[in-house]
Amino acid sequence: MSDQHHIRSLVKEAEIYRGQGLFVASREKYLHILQFIENNKRLCNDKKLVNTVKNKIVNLENDVAGLHQETAVPELSQDVQGLIKKLFSFSEDQGAAAMEGAVALAKFGQYEAALAEFQRLLEEGTFPLMAAKNILRCHLALSSPNVAIDQFGQWVSGNLLSKEYLKHTRAFLANVLEKRGIKTELPEVAQTSSVADQKDEQEDVLDISSVRVQLENGPDKGSVVEFDVSFQSGNIISVIVSARQKDLADTFSLGIRLPDIQFYSPIAIFRGSGIVSGKTKIKSGPKRGDYMLDIKIEGA
Amino acid sequence: MAIFNAKNRVIECKIVYYGPGRGGKTTNLEYIFKAFRKQTTGEMVSIDTKGDRTLFFDFLPMGIGKIRGCDVSIQLYTVPGQVKYGSTRKMVLKGVDGIVFVADSLEVRRTDNLFSLKDLQQNLAEQNMSIFEVPLVLQYNKRDLAEEGIPLIPVETMDGGLNKKLKVPSYPASALKGTGVGATLKECLKLTLRNLQQELKWAR
Ligand SMILES: Nc1nc2c(ncn2[C@@H]2O[C@H](COP(=O)(O)OP(=O)(O)OP(=O)(O)O)[C@@H](O)[C@H]2O)c(=O)[nH]1
Ligand SMILES: [Mg+2]
């Protein structure tokens, strides 16, 4: 094959890669071509050829860089937004399905539309806590955090959210703001409210109401036990094991891994695993003698 | 997670086209939309970036008539293949019933194929599904480029590399020209429906 011919076939290959959007492969090919030319006594003095190839490489480098840039999320048409709501809601329960649809809109960056949905759900009283948190998330994604803070203030003086939910929402917002390095005084919910224990709450964990755990050892190995979640802070849930079930409590030793847990949340059931990260015997109150287990959710 | 409505005797199932970015998933759906017009039941919806790369997903609804007394409707999706869209891939994969893995036959894409298959396995595992159990078909796409003298991975090598443990049906194809596209989809539907039939036990 003549040198010309060889180069022509390499260029053809490089151009096919470029046409398919395979910029890295195309750049590699042109670098190869450049090397071939520079090592060729007859061609290496062809300034025009060398420059053409070098230009190609520069352009491809820009294309490669472009791939790594954040893509602006487009505002989708109402039809497509409607389709997303429909396609990404799986629950049979109407409220849960509506919540899933709204969460999908937010995940696909359609914050305005999602916001309207969450507002509607909150006003209807459908999963109000989840709706409220998501409203704040949308505000934070859309604009300055001030809108989220104002929104929270309105809830404090209104009656859409119960005291309990307001406390959760406040802790959630305080945590997000803190993570962003924003110092601000959020309106207090009630004199007694203590938000300190919820500091660790992570944004992405759903609110879990109960769990089913498959026992991996102990006398009841293989069987499944169910617990109500009495407290949740981010990805740590706490459940109570009655003093009467001492065998069961012993099965859950500190640090043990629970590879198969089903988590029930108001909008979804999901499976995952966890680790017993805390175990304390309750010393006072009506649950005295019972065990409080902390389970850290791992993969869910 | 097929939806089975026993009363209306309607079954709705979800097929997802998975694979490395630029491998030809969207091109598959575009060809299906053109060539199987009679079976499509709505427009193809594509949400992509300026450069045609899929940003969220492509969606194409189809109806394939009655099977064992049930009306079967199919939803075809593609995921965005670019590595950075991992969370969107997970979302689109949710509730999948059958998968077409579109591998790129170009020699330069060898590792991209492997990474994407691994990514599929992980994402399935996260929703408690096994890549070894889910109805799955492999497609070795862009075979037409052999005519252009572009280095391709031989079909046997692709089978040996990607399909060694999976042992699922595989098809050489050119999504651009349409070769193998129908065969891939039909096989995937066959496996998926057989699987659903066992799971849901619908019968006449
Ligand atoms: N020659 C040839 N080109 C193809 C074939 N299939 C796809 N292409 C080209 O490959 C490029 C990428 O195809 P797409 O269908 O957009 O790939 P994709 O898998 O959807 O890519 P992402 O959306 O980024 O994941 C386009 O330029 C297509 O024209 C084929 O069978 N032969
Ligand atoms: Mg695509």
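Residue numbers begin at 1 in each chain, while the letters A, B, ... track the order of the sequences. In what follows, every heavy atom counts, from backbone to side chain, and hydrogens, waters and symmetry copies are set aside.
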Next on the checklist: If I take atom CG from residue B/L145 and atom CD from residue A/Q20, how far apart are they, to the nearest 0.5 angstrom?
Outcome noted: 5.5 Å
Checklist entry - About how many Å separate CG of A/D260 and CG of B/N128, when rounded to the nearest 0.5 Å? => result 7.0 Å
Checklist entry - With only heavy atoms counted, which part of A/I84 is less than 4.5 Å from chain B, the side chain, the backbone, both or neither? => result side chain
Checklist entry - Hey, does the side chain of B/R53 reach the backbone of A/G21 with a donor-acceptor pair shorter than 3.5 angstrom? => result yes
Checklist entry - Would you call B/I47 and A/F108 a side-chain contact if the rule is heavy atoms closer than 4.5 Å? => result no
Checklist outcome for this item: Honestly, the part of A/F88 sitting under 4.5 Å from a heavy atom of chain B is side chain
Checklist entry - For chain B, which residues from residues 30-38 of chain A have at least one heavy atom closer than 4.5 Å to it? => result none
Next on the checklist: Measuring from atom CG of A/D79 to atom CD of B/E43, what distance do you get when rounded to the nearest 0.5 angstrom?
Outcome noted: 11.0 Å
Checklist entry - Atom CG in A/L22, atom CZ in B/R109: separation rounded to 0.5 Å? => result 5.0 Å
Checklist entry - Which residues in residues 76-93 of chain B have any heavy atom lying under 4.5 Å from a heavy atom of chain A? => result B/Y77, B/Q82, B/K84, B/Y85, B/T88, B/M91, B/V92
Next on the checklist: Using side chain to side chain contact (heavy atoms under 4.5 Å, CB included), reason through B/V108 and A/E28 one step at a time and then give a plain yes or no.
Outcome noted: CA-CA 10 Å; B/V108 291; A/E28 293 297 305; over 6 Å; no
Checklist entry - Does the side chain of B/T49 come within less than 4.5 Å of A/P74's, by heavy atoms? => result no
Checklist entry - What do you reckon, is CZ of B/F132 surrounded by more than 12 foreign heavy atoms closer than 6.0 Å? => result yes
Item to check | Heavy-atom contact with chain A under 4.5 Å, split by part of B/E148 | outcome: both
Checklist outcome for this item: So CZ of B/F56 and NZ of A/K107: to nearest 0.5 Å the spacing works out to 12.5 Å
Item to check | Expected output: side-chain B/K94 to main-chain A/F90 donor-acceptor under 3.5 Å | outcome: no
Checklist entry - Is it the case that more than 12 heavy atoms not belonging to A/E61 sit under 6.0 Å from its CD atom? => result yes
Checklist entry - Side chain, backbone, both or neither: which part of A/L83 has a heavy atom under 4.5 Å from chain B? => result side chain
